[in-house]
Every structure is written in C-alpha cells, then in structure tokens.
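First the proteins, then the strands, lettered A, B, ... as listed; each starts at 1.
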Amino acid sequence: MEKPGTFTLKAVDGKARRASLATAHGVVETPVFMPVGTRGSVKSLSPHDLIDVGSQIILGNTYHLYIRPGDELIARQGGLHDFSNWHGPILTDSGGFQVFSLEGLRKITEEGVEFRSHMDGSKHFFSPEKVISIQKNLGSDIIMVLDECVPYGKDKKYTAKSLELTTRWARRCREALAPGENGQLMFGIVQGGFYKDLRETSLGQLMEIPFEGYAIGGLSVGESTKEMYDILRHIAPMLPEDKPRYLMGVGTPLDILEGIEAGVDMFDCVLPTRNARNGTLYTSQGKMNIKKAKYSEDSGPLDPNCGCYACKNFSRAYLRHLYMARELLSYRLNTLHNLTFFLDMTARARKAIENGTFAELKAEYQAMFAVGEK
RNA sequence: GGUGGGGUUCCCGAGUGGCCAAAGGGAACAGACUGUAAAUCUGUCGGCGUACGCCUUCGGAGGUUCAAAUCCUCCCCCCACCA
C-alpha cells in the first residue's frame with residue numbers, strides 16, 4: 001500500500017490533471033467528486049449505495065459530529081469508519097464553513113471561534129487545536145484546517161485581516177498534527193475573498209507550511225459565476241503542482257468542469273444530495289424538477305442515458321409520485337441518481353484527460369445545461 | 001315523511017352585515033438551493049390594468065339594506081338520526 005499522502009500525477013490535458021492520492025483507507029483517483037455526509041451519513045444512502053454509485057471518498061463534518069454524537073463517543077466506537085461502516089477514505093471539514101453559515105451563532109477571536117450550538121444553544125469553543133483533536137478522534141483520512149470562510153461582499157481590509165488569521169490558525173493546526181502522524185493528511189485552505197492579490201498572499205503564506213494538500217475556500221458564497229470563475233482560474237493553477245488541489249463546496253456540474261479545467265483535483269458539494277431531496281434532478285437533458293405535473297403520466301425513464309438504479313427501474317411518473325407523496329424512497333432514489341450523474345461526470349473527466357479530450361467533454365456538458373440555467 | 005346539519009373561489013376548509021376577491025391547507029405554476037441549522041425555503045394562484053381601480057364570484061331565484069358569502073322568502077341538492 002502506498003504511503004498516505006502519495007500523490008501521483010498520471011496525465012495532463014491543458015491544466016487539467018489526472019492523478020491519484022493515497023490515503024490510509026485507499027487510493028482516490030482524481031479528479032474526484034466527494035459526496036457530502038455531514039453527520040456521518042450521506043443523507044438517505046447506505047455505504048453500499050455509495051459504493052454502487054461510484055463514490056471513492058466522502059465528507060464528514062467536524063462541527064456537526066462534535067455536537068452530535070460527539071467525537072469522543074465516535075472514538076470509543078472505533079472511529080468514524082467503523083462507526084458508520086464506510087471503509088473508504090473520509091475527509092472531514094473543520095467547521096470553517098460553519099464559521100460562515102452559522103454567522104449569527106458564533107464569535108471569532110484570535111484564539112478560535114465560539115459557537116452557540118444550533119441544537120440547544122450551548123456554548124462551544126473551537127480552537128485550531130481543538131478542531132484537530134476532534135478530527136483525530138474521528139479518524140479522518142484528510143483533515144482540514146480551521147479557517148474563516150469569508151462571506152461575499154466583505155471589503156479588502158476585512159478580507160486581508162481574515163486571511164492572516166486563517167494562516168495563523170493553519171500553522172497552529174499543523175503544529176497539532178505532525179506530517180505523517182496517524183496516516184492522517186492535512187490540507188491548508190486558501191482564502192482571500194475576491195481579491196486576486198490577497199488570494200496570492202494567502203497561498204504564499206500557506207505554502208510555507210508543509211501540508212499534504214491545498215484547498216481553495218471561500219468560493220460560491222453568493223458571488224456571480226463570472227466572479228467565481230475569475231478567481232478560480234487565477235488561483236487554482238498557482239497551487240503546488242505536486243500536491244492535491246481541492247475546491248471546497250463547489251459546485252454545479254459546470255462549476256466542477258471549470259475547476260478541473262483550471263487544474264483542481266477534488267470537489268465536494270451538497271448540491272446533488274440536497275437538490276435530490278428537493279426534487280431537482282440532473283440529467284443528460286439538463287436540470288429537471290420531478291415534481292412538475294407534466295411528469296405525472298410520463299412512463300419513460302428519468303434519464304434514458306443514465307444507468308443508475310432509479311433510471312433503470314422506475315418511471316418518471318413513479319418518481320414524481322414518490323416525491324409528491326414524500327415517500328422515503330423518493331429521497332434515496334433521487335440521491336442515487338444525482339450522485340450517479342456527478343460521479344459519472346468526474347469518471348468521464350478522468351478518462352477524457354487521459355485521452356486528451358477534456359475540452360470536448362466540457363463542451364458536451366455545457367450543451368446539456370445550455371437551456372435555462374447550469 | 002319528521003328533526004337537525006350543510007352547500008364558499010381547482011379541491012378541502014374558515015368566514016355569519018361593511019375592514020372580503022374572501023383565513024388556512026392542498027393542488028397547480030414559477031423559482032431558489034454550491035466545505036448541509038435545508039426530506040428546506042420563496043413568489044404567484046377569479047378576470048383586466050403598471051397603479052389608485054374596475055368587473056365577476058360564495059347552490060339557484062327573488063327580497064331587505066347606503067352596504068349581503070353573511071339577514072328574509074321560496075326552490076334545488078347533500079349528510080346524519082328518527083319513522
């Protein structure tokens with residue numbers, strides 16, 4: 001077995017990279033899309049389903065698992081892999097995104113972040129050290145540093161100060177877990193908002209710290225697609241070439257292809273899973289909303305070009321019925337499908353990069369989502 | 001046949017003289033969702049008009065009133081119980 005952290009570049013097509021990353025629980029072929037399982041479960045799916053659909057690695061969330069059921073309990077249960085019976089790689093986010101999404105429930109200081117639990121209002125303090133200790137308890141294969149995910153619209157002064165804090169926290173995180181310790185990898189997170197020079201500053205500072213991978217955070221936080229792509233195209237190619245590059249929280253199928261094109265290797269996003277539960281499905285004919293009445297008697301498959309369990313076995317009419325009736329099977333089938341769509345797309349991207357045909361693949365997906373929105 | 005209760009905008013259902021084009025659900029339609037406080041949320045939902053507004057609507061037909069979904073009369077239907 002390869003040493004965790006081993007990153008092997010296999011092919012390139014323009015800036016797009018085809019590589020593999022070794023972790024303590026297996027090798028991840030990139031570019032990769034990582035389904036999000038915030039609370040130790042990709043909502044509505046079992047580990048068996050995840051494998052069926054082609055998942056290589058999934059996410060968990062430090063904040064949520066700390067709040068419930070608690071990282072120490074999980075440690076006593078043998079770590080998150082045993083606890084959840086998912087034995088592939090797991091990446092855990094640090095709670096940095098909750099600094100953003102729970103803005104009203106938290107207070108940032110140099111020392112760390114104080115949260116008021118969204119569950120019961122109780123106070124909890126997350127320092128960089130605490131966040132690493134939690135992720136050690138969870139047994140994550142890839143640990144993310146604590147960062148401040150800066151909201152869209154913050155001015156340059158705020159963003160610059162924030163990025164410095166993120167760097168100091170990153171350093172403290174690295175000090176809390178030595179490179180190679182426990183076979184757990186640690187990724188730093190580039191911030192800097194929508195200022196290219198600040199992005200470069202952030203990256204420069206982080207590159208002085210030995211991380212096994214580098215992430216781009218603070219994108220898709222409310223900005224336009226144009227603004228996001230602008231920053232992405234600028235900064236992604238500047239991340240270390242010999243380390244995995246992870247674009248956090250992104251995105252739509254086209255966002256992901258855009259990221260791959262810019263040289264990003266890893267992606268995660270709640271979109272396929274959350275949208276599935278809300279009735280929006282990604283298909284080879286674009287986005288569709290299964291709740292529309294026009295599908296009520298549609299006996300055809302959801303997506304004739306999809307080989308997932310939902311598409312192979314059920315009609316649009318039935319899937320609509322399940323959704324309208326709020327049957328639990330609806331969430332599972334829809335999630336299975338959307339994840340299949342994202343995972344198939346990234347699998348095809350890997351192949352396309354090997355064949356030097358990534359541009360064609362991207363054009364194909366752009367055409368799919370050309371009507372209406374992306 | 002008797003007694004009681006009902007018929008409200010696509011559906012269910014509130015409203016019992018003016019603040020009612022009429023609460024609230026549902027359906028429909030449109031939309032949002034990007035390191036998950038999300039199996040969630042937003043908007044529209046009689047017609048015309050950008051709007052003050054105008055027109056049509058609360059089983060049917062009359063009537064009372066400045067004003068009726070709301071009161072009165074008759075009629076038509078439905079439900080429950082009794083015979």
Among B:rU36, B:rG35, B:rG31, the one nearest any side-chain atom of A:L59 is B:rG35
Of B:rU36, B:rU34, B:rC41, the nucleotide closest to the side chain of A:K43 is B:rU36
- B:rU57 versus B:rA22 - spacing of their C1' atoms, nearest Å: 10 Å
B:rA30 -> Watson-Crick or G-U wobble partner, both distances under 3.5 Å, gives B:rU42
In whole angstroms, the gap separating P of B:rC33 from CZ of A:F100 amounts to 13 Å
(Q) Need one value for A:T280: base, sugar-phosphate or nothing, where a base atom within 4.0 Å counts as base even if backbone is also close, heavy atoms only. (A) base
| request: Could you tell me whether the side chain of A:D147 has a donor or acceptor atom within less than 3.5 Å of a complementary atom in the base of B:rG35? | output: yes
Practice item. Could you give the distance separating B:rU44 and B:rG60 at their C1' atoms, to the nearest angstrom? Key: 33 Å
Between A:Q135 and A:T92, a side-chain donor and acceptor under 3.5 Å
yes
Same cluster or not: are A:L328 and A:V42 linked, directly or through other Ile, Leu, Val, Met, Phe, Trp or Tyr residues, by side-chain heavy atoms under 4.5 angstrom apart? no
Residue pair A:A293/A:G249 against RNA chain B: nearer the 5' end by closest nucleotide is A:A293
*asked:* Assess, by modelled atom type and distance only, whether the side chains of A:Y63 and A:H118 contain a donor and an acceptor separated by less than 3.5 Å.
replied: yes
| request: Give one of base, sugar-phosphate or nothing for A:E223, where a contact means two heavy atoms less than 4.0 Å apart. | output: nothing
Please state the P separation for the pair B:rA68 and B:rC58 - nearest whole angstrom.
12 Å
In whole angstroms, the gap separating P of B:rA32 from OH of A:Y282 amounts to 10 Å
Rounded to whole Å, the CZ-P distance (A:F267 to B:rU34) equals 17 Å
Is the distance between the ring centroids of A:Y214 and A:F187 under 6.0 Å? no
- Item | Rounded distance in Å between the C1' positions of B:rC45 and B:rA39 | 25 Å
Here the distance between atom P of B:rA39 and atom CG of A:N275, to the nearest Å, is 12 Å
Practice prompt. Name the nucleic acid region contacted by A:S44, choosing base, sugar-phosphate or nothing; use a 4.0 angstrom heavy-atom cut-off, strictly under.
Written response: nothing
Worksheet item: Do A:E212 and A:Q184 get their side chains close enough for a donor-acceptor pair, meaning under 3.5 Å?
Response: no
- Taking N and O atoms by type only, does the side chain of A:S101 place a donor or acceptor under 3.5 Å from a partner on the base of B:rU36? no
Residues of residues 328-342 of chain A with a heavy atom under 4.0 Å from any atom of RNA chain B, listed by number, are A:L328, A:Y331
pair_partner(B:rC54), Watson-Crick or wobble, both distances < 3.5 Å, evaluates to B:rG47
Rounding to 0.5 Å, atoms CD (A:Q205) and CD (A:E200) come to a distance of 12.5 Å
The Watson-Crick or G-U wobble partner of B:rC74, with both key distances under 3.5 Å, is B:rG60
- Less than 3.5 Å between a donor and an acceptor, one on the side chain of A:R326 and one on the base of B:rA39, is that the case here? no
Base, sugar-phosphate or nothing for A:L247? Non-hydrogen atoms, less than 4.0 Å. nothing
- Task: Classify the nucleic acid contact of A:M324 as base, sugar-phosphate or nothing, counting any heavy atom under 4.0 Å across all strands shown.
- Result: sugar-phosphate
Checking N1-N3 plus N6-O4 or O6-N4 for Watson-Crick, or N1-O2 and O6-N3 for wobble, each under 3.5 Å, the partner of B:rA37 is none
Separation of B:rA30 atom P from A:K287 atom NZ, nearest Å, is 14 Å
- Task: Go through the side-chain N and O atoms of A:H321 and A:E327 and say whether any donor and acceptor fall under 3.5 Å apart.
- Result: no
Exercise. May I ask you to say what A:G37 touches in the nucleic acid, namely base, sugar-phosphate or nothing, with a heavy-atom cut-off under 4.0 Å?
Key: nothing
Picking from B:rU36, B:rA37, B:rU40, the nucleotide nearest the side-chain atoms of A:L105 would be B:rA37
Rounded to whole Å, CZ of A:F97 lies from C1' of B:rU34 at a distance of 8 Å
- Has A:K292 got a side-chain N or O lying under 4.0 Å from the OP1 or OP2 atom of B:rA27? no
**Study point:** Charged N-O contact under 4.0 Å between A:R17 and A:E261
**Key:** no
Contacts of A:E241 meeting side-chain hydrogen bond (donor to acceptor under 3.5 Å, both in side chains) (sequence neighbours excluded), chain-then-number -> none
So, with a heavy-atom separation below 4.0 Å from RNA chain B, the residues of residues 177-188 of chain A are none
Side-chain atoms of A:T38 come closest, of B:rU36, B:rU34, B:rG35, to B:rU36
Using only side-chain N and O atoms of A:Q98, determine if any of them is under 4.0 Å from OP1 or OP2 of B:rU36.
yes
When rounded to whole Å, the CE to P distance for the pair A:M34 and B:rU36 reads 11 Å
query: Closer than 4.0 Å, any side-chain N/O of A:R274 to the OP1 or OP2 of B:rA39?
result: no
Against the side chain of A:T252, the closest entry in B:rU36, B:rC41, B:rU34 is B:rU34
task: Report yes or no: do A:T280 and A:N275 form a side-chain donor-acceptor pair below 3.5 Å?
output: no
| task | Output yes when at least one side-chain N/O atom of A:N278 is less than 4.0 Å from OP1 or OP2 of B:rA38, else no. | result | no
Between A:S220 and A:R39, whichever has its closest RNA chain B nucleotide further toward 5' is A:S220
Exercise. How about A:D120 and A:S122: does a side-chain donor come under 3.5 Å of a side-chain acceptor?
Worked result: yes
A:I231 atom CD1 is separated from B:rU34 atom C1', nearest whole Å, by 17 Å
